[in-house]
Amino acid sequence: MSDLKRGLSEAVAAAFAAAGLPAELGRVTPSDRPDLADFQCNGALAAAKTARRDPREIAAGVTATLAADPRLSAVEIAGLGFINMRVSDTALSERANEIAADPRLGASSVAAMRRILVDYAGPNVAKPMHVGHLRSSIIGEAIKRIYRFRGDMVVGDAHFGDWGYQMGLLIGAVMDENPFVKALMEQLNGRTTPITSEEEKTAFAALESRVSLDDLDRLYPEAAAKGKAEIEYRERARKLTAELQSKMPGYHLLWRHFARVTKVALERDFHALGVDFDLWKGESDVDDLIAPMVKELDDKGLLVDDQGARIIRVARQGDKRDLPPLLVVSSEGSAMYGTTDLATVLDRKTSFDPDHVLYVVDQRQADHFEVVFRAAYLAGYAAEGSLEHIGFGTMNGIDGKPFKTREGGVLKLNDMIEMTRTKARERLREADLGAELDPDTFDDTAHKVAVAALKFADLQNFRGTSYVFDLDRFSSFEGKTGPYLLYQAVRVKSLLRKAQGEGVKTGPITVADPAERDLVLLLDAFDQALTDAYEKRAPHFVAEHAFKLAQAFSRFYAACPILSAEPVLRASRLALADTTLRQLEQALDLLGIAAPERM
RNA sequence: GCGCCCUUAGCUCAACUGGAUAGAGCACCUGCCUUCUAAGCAGGCGGUUGCAGGUUCGAGUCCUGCAGGGCGCGCCA
């Protein structure tokens, strides 16, 4: 099944070919001038250049062939040689019924399924998530869903930051504060026999009541600051980190406790945001791969000694700049950020063997990934071009600088959601919406409104551009916002409930009113929005489509009475509303946004 | 210093292989709730696409230069 644009493109391409011109010129796009046409083709203008002929003359030839097409009610040449097409109401009605009957709501699938891994969010142990993680989570989740919906086999990986210097800092800080933990560490680290599972259970239970996530959140900033200021403190943390990485029993157990409490809380927060991972692989998971990998890289002759460190040079001929090498082993003998990333590429090759990996990470790390990717290609861990960095801009405050709270700190993800939720509750009450809902449903609705507000605010922008996070604006809930989209969806749901109550059924769609035409043309444009989002890894195409669809529905809703119409018309309009709702909810779902039943 | 990205309406952002009159939302102004949810709808106001050149029948889009802003550039992640 193909959309109108594609179907017409084929016809126009054939017409160009019949005129002895390249078929590619027959590409049809939605019209820039809806007052004149539904679709247009600019091919005659392009042809004129190479064929050195009058574009209007070329267009005339093509138009003559197209005139007989039953789908078109009008074909005209306009301006310098634009071919304008108006689709007949019959063809539009047919297409509407096709979409209504399609479980995919008019969306096509990829021709060949690929195995895709999406690496996003990247939360860390102890370090609280901040707004920077928000964009990666939101964009990554949307990309994952869009790829999956298009038919690829997609796996989303949180890429948990659980294996660095921050762990040494935390271990030290917790021991300093808690004599029990210090004693436990001394006891376990001194062990010569393995810890039994029974002992392990007891130790975890003891830690559970003594070291909470709040403690970690509180201790980490202090420890990080102290580590910056005091050499001795820093050295101890380094030593503890090394001891952890050499799997000293006590530290390793304590670390597992840190990782577990953090992960539990993070998964809960992510889930509340509509972000769920298939894999929750940590940096620690590839630790064992590093030593053999380094040996293998050495055997392959890729490692070079330089200033006491071991590096891989990745510069290529024709580079415009001096790309730094990948630092594989530091002069102190430890693995670096890039080492872990490289080992992760290798791990993924053996475990999932992806055709393509998308790294949804801040644009500022573009050079870092370029270096890692090149090293991976050199090592044969991934096919050239199969690793791709999906960069995004920073989220700034209204002052244009990276987003901070009033106090100057970094705003935590949780606080941001809670702030938005509070706004949502206020707005619901102000607008006297949801008054009849029970408290739990009301809260659930407020939560969905908040998530929609946050996510849509982010996803309506192209991911590459930095954008201004203005909570007041986002939570005004008017105009181009997530809540607007939910509101339109809820209006249809309410309408459908009422129709059901009156025993009114949907029927075949017949398009006549201009508002109906516009709505169907938008329903038809869903596939193009998806294709653009997929090919450019840019969810804002889907967000834009959802908004335009909601807008078109709202116009239709205002212009065309539904339940009070004559039975046949009523059934048609009800079907149109129902189809719109299903496509709108599908688009919202791809953005990771869920609509409530009422608001 | 080298490199990458950005600059579009008062504000926040779009603009599909270069195409017609550069579009939305907010703000401001005017209408519309006895009729399916007014977080809505209809209409109005608002532009030398940072500046200067170039390529082209045609440039927000491609090329060059300049100005302003952001970011990155080996032992943090």
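Throughout, protein chains are lettered first and strands after them, A, B, ... in sequence-line order, and every chain is numbered starting at 1. All values below were derived from every heavy atom in this structure, side-chain atoms included, with hydrogens, water molecules and symmetry-related copies excluded.
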For [X], report the nucleic acid contact type (base, sugar-phosphate, nothing); a contact means any heavy atom under 4.0 Å.
X      : result
A:V490 : base
A:H368 : nothing
A:Q488 : sugar-phosphate
A:D367 : sugar-phosphate
A:D532 : nothing
A:A78  : base
A:L326 : nothing
A:S466 : sugar-phosphate
A:L486 : nothing
A:D306 : base

In this structure, how many angstroms lie between the [atom2] atom of [N] and the [atom1] atom of [X], rounded?
X      : N     : atom1 : atom2 : answer
A:E478 : B:U37 : CD    : C1'   : 15 Å
A:D32  : B:G60 : CG    : P     : 13 Å
A:Y557 : B:A42 : OH    : P     : 15 Å

- Query: Under the 5.5 Å and 30° test, is A:F82 stacked on the base of B:A20?
  - Reply: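 Yes, the aromatic ring of A:F82 stacks with the base.
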Spell out yes or no: do the side chain of [X] and the base of [N] have one donor N/O and one acceptor N/O closer than 3.5 Å?
X     : N     : answer
A:N84 : B:A20 : yes
A:T29 : B:C16 : no
A:Q40 : B:A20 : yes

- Task: Hey, which sits more toward the 5' end of RNA chain B by its nearest nucleotide, A:A309 or A:V449?
- Result: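 Going by which nucleotide is closer to the 5' end, it is A:V449.
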- A:N42 vs A:A366, nearer the 5' end of RNA chain B by closest nucleotide: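 Final value for this comparison: A:A366.
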- Task: Give, for atom CD of A:E370 and atom CZ of A:R321, the distance between the pair rounded to the nearest 0.5 Å.
- Result: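 Between atom CD of A:E370 and atom CZ of A:R321 there are 6.5 Å.
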- Task: Can you measure from CG (A:L574) to CD (A:Q500) and round to the nearest 0.5 angstrom?
- Result: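 If I round to the nearest 0.5 Å, the distance is 10.0 Å.
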[X] side chain near [N] phosphate (N/O to OP1/OP2, under 4.0 Å):
X      : N     : answer
A:S564 : B:C36 : no
A:Q551 : B:G25 : yes
A:R238 : B:C76 : yes
A:Y484 : B:C41 : yes

- Message: Would you measure the distance from the C1' atom in B:U61 across to the matching atom in B:C16 and give it in whole Å?
- Response: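 So the two C1' atoms sit 12 Å from each other.
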- Decide ring-ring contact (aromatic ring centres under 6.0 Å, His included) for A:Y359 and A:F373; before the verdict, give the C-alpha distance in whole Å, the side-chain angles of both, and the deciding distance to 0.1 Å. CA-CA 11 Å; A:Y359 292 79; A:F373 295 169; 5.0 Å; yes
- Evaluation steps, ring-ring contact (aromatic ring centres under 6.0 Å, His included), between A:F526 and A:H545: CA-CA 7 Å; A:F526 184 40; A:H545 175 76; 5.3 Å; yes
- Item | Chi-angle category of B:C33 [syn within 90° of 0, anti beyond] |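 Base orientation relative to the sugar is syn.
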- Query: Is there a Watson-Crick or G-U wobble partner for B:U64 with both distances under 3.5 Å, and which nucleotide is it?
  - Reply: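 Looking at the geometry, B:U64 pairs with B:A52.
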- Message: Just to verify, which of A:L36, A:V12, A:T63 counts as forming a side-chain contact (heavy atoms from CB on, under 4.5 Å) with A:M85?
- Response: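 The side-chain contact (heavy atoms from CB on, under 4.5 Å) with A:M85 is passed solely by A:V12 among A:L36, A:V12, A:T63.
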- Message: Out of the candidates A:D458, A:N461, A:T394, only one should pair with A:Y467 under the side chain to side chain donor-acceptor pair (under 3.5 Å) rule; please name it.
- Response: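 Single side chain to side chain donor-acceptor pair (under 3.5 Å) partner of A:Y467 among A:D458, A:N461, A:T394: A:D458.
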